[in-house]
Amino acid sequence: MSSSGIFTRSLRALTAAAVIGAAAIPGIASAGDTLDAIKERGVIKVGVGTTPGFFSPDSDGKWQGFFIDYGRALSIAVFGEDGKVEFTNSSPQQRLPALQAGEFDILLSGVTVTINRAFNLGFHFGPTVFYDGQGILVRKDIGVTTAAELDGATIGVQSGTTGELNIADFFRKTGHNFTPVTIEDTSEFIAALESGRVDAITQDSSDLVGKLQQLKEPDNYILLPERLSKEPLAPAIRAGDDQWLEIVNWTVYATIQAEEWGITSANVDEFLKSEDPAIQRFLGVDPSLAEAIGFQPDWAYKIIRTVGNYGEIYERNLSPLGWKRGYNDIWTNGGLLYSPPFR
Ligand SMILES: N[C@@H](CCC(=O)N[C@@H](CS)C(=O)NCC(=O)O)C(=O)O
């Protein structure tokens, strides 16, 4: 199998089809040049944050985490091999403009899908990979155990996040007062809580659970039980590149579909002997589907063998932090994760 990635002879046809589609249907985005740029450069440029479990460098400076593993899966999808990804930390405020400016090919940084970002800011989103909600982390000594009790508190919020509007909406609803302190830099954001400059900080609960690990005395803080918002976190790309969007979509779906079928990094080779025609097409034993699309037949096989299915990615990175699957489980287990059919 060549390692040139998922796209073979059909690349031009796909691009052409998307361009034709764009001409025929006003308003539909066309294929862009992201994939070409990535292939020419030889690396995918990914914007990330710095939250343990989701994206953080290990002691050797090598990035680890839930979103990092999706970057690795994309590397396998595009290049047929792991590791052709450059992860760069960027603040929540700067990363969307940086994506728009072409500094990144994709953000895997816990970006929430919102209608404003889709219509007004010019971004497209892959599938939601983590269903989250905004939380509030307070210093215990202020003596509250629910968000509804917060009145007159000073609350840190990171600039450029959905949290800015959510926290204002929340207090408008409760009728209580609060003083927002908007901070861009993540270290300063944490330091504001530790120094007492703010009574609490608000962010995606995924972020707060990770940040708790970074606080010097985590026992002095409590994550309040309320979730203020829906924060479906998804890969974000520049609008207007259908081809790149579909690569992102189906890379994520491959990890979800594999979990639904019980295919793991440990047993994927056993599944190569499966009699199920759908699994044969998925793993490339029957190459007809992949060939018709222009993917390398073993693209999904390689992703699962190397990075694992969604559940493995989750267990490896997030279970150690105490995360339960909850909404982030496969639909057959009562969660929200659902892959469209591979056919
Ligand atoms: N989901 C929110 C917040 C995004 C966000 O701030 N994400 C966290 C990670 S989940 C982050 O980047 N925190 C700062 C950091 O990690 O440096 C949004 O899209 O506006």
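It should be emphasised that the depicted structure is a prediction, and the values quoted were computed from it without experimental measurement. Note that ligands are numbered from 1 as they come in the structure, with each ligand's atoms numbered from 1 the same way. Below, each value reflects all heavy atoms present in this structure, side chains not excepted, and no hydrogens, waters or symmetry copies.
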Note: S75 and K84 closest approach over all heavy atoms is OG-N, 3.0 Å
Could you check whether E291 pairs with R281 (Lys NZ or Arg NE/NH1/NH2 to Asp/Glu carboxylate O, under 4.0 Å)? no
If the cut-off is 4.0 Å to any non-hydrogen atom of G49, which atoms of ligand 1 fall inside it? 16 (O)
Have a look at ligand 1 and work out which part of L233, if any, has a heavy atom under 4.0 Å from it: side chain, backbone, both or neither. side chain
Judged by non-hydrogen atoms, does F55 sit under 4.0 Å from ligand 1? yes
Counting non-hydrogen protein atoms only, what is the nearest one to atom 13 (N) of ligand 1? Give residue, atom name and distance. D207 OD1, 3.1 Å
Checking side chain to side chain contact (heavy atoms under 4.5 Å, CB included) between P92 and each of T161, T162, D204, which is the one that passes? T161
Which of the atoms in ligand 1, numbered in the order shown and given with their element, are less than 4.0 Å from a heavy-atom of V111? 19 (O)
Heavy-atom distances under 4.0 Å are what count here, so tell me which part of S91 touches ligand 1: side chain, backbone, both or neither. neither
Any N or O of G110 that comes nearer than 3.5 Å to an N or O of ligand 1? yes
Basic-acidic side-chain contact under 4.0 Å: D141, R139: yes
Over 60° means perpendicular and under 30° means parallel, so classify the ring planes of Y70 and Y310, tilted if in between. tilted
Proximity winner for atom 7 (N) of ligand 1, if only heavy atoms of P52, S109, G53, G133 are counted: S109
What about T161: any of its N or O atoms under 3.5 Å from an N or O on ligand 1? no
Around atom 6 (O) of ligand 1, find the nearest protein heavy atom and jot down its residue, atom name and distance. Q203 NE2, 2.7 Å
At under 4.0 Å between heavy atoms, what of T162 touches ligand 1? The answer is both
Find all atoms of ligand 1 within a distance of less than 4.0 Å from any non-hydrogen atom belonging to Q158, and give their numbers and elements. 13 (N), 14 (C)
Considering heavy atoms of the protein only, find what lies nearest to atom 15 (C) of ligand 1 and give residue, atom and distance to 0.1 Å. T186 OG1, 3.3 Å
Looking at ligand 1, would Q134 count as a contact under a 4.0 Å heavy-atom criterion? no
Numbering as shown, the atoms of ligand 1 that approach T112 to under 4.0 Å (heavy-atom distance): 1 (N), 2 (C), 18 (C), 19 (O)
Just jot down the ligand 1 atoms closer than 4.0 angstrom to any heavy atom of T50, in number order. 15 (C), 16 (O), 17 (O)
Between R41 and D105, does any NZ, NE, NH1 or NH2 come within less than 4.0 Å of an OD or OE carboxylate oxygen? yes
Side-chain ion pair, D69 and R72, N-O less than 4.0 Å: yes
Do the ring centers of F54 and W63 come within less than 6.0 Å of each other? no
With heavy atoms only and a cut-off of under 4.0 Å, state how D204 meets ligand 1: side chain, backbone, both or neither. side chain
Salt bridge check: are D207 and K211 linked by an N-O gap of less than 4.0 Å? yes
Would you call E103 and K45 a salt bridge, using N to O less than 4.0 angstrom? no
Would you find more than 12 non-hydrogen atoms of other residues, nucleotides or ligands less than 6.0 Å from Y131 atom OH? yes
Could you name the option among E231, R117, E184 that has the heavy atom nearest to atom 19 (O) of ligand 1? R117
Nearest protein heavy atom to atom 10 (S) of ligand 1, by residue and atom, and its distance? S206 OG, 3.8 Å
Interfacing atoms of ligand 1 (cut-off 4.0 Å, heavy-atom, K211): 15 (C), 16 (O)
Residue-level breakdown please: for R95 versus ligand 1, do any non-hydrogen atoms fall below 4.0 Å on the side chain, on the backbone, on both, or on neither? side chain
Would R95 pass as a cation-pi partner of F104, given that its NZ or CZ must be under 6.0 Å from the six-membered ring centre and within 45 degrees of the axis? no
Using a 3.5 Å distance criterion without hydrogens, assess whether the side chain of S229 forms a donor-acceptor pair with backbone atoms of Q134. yes
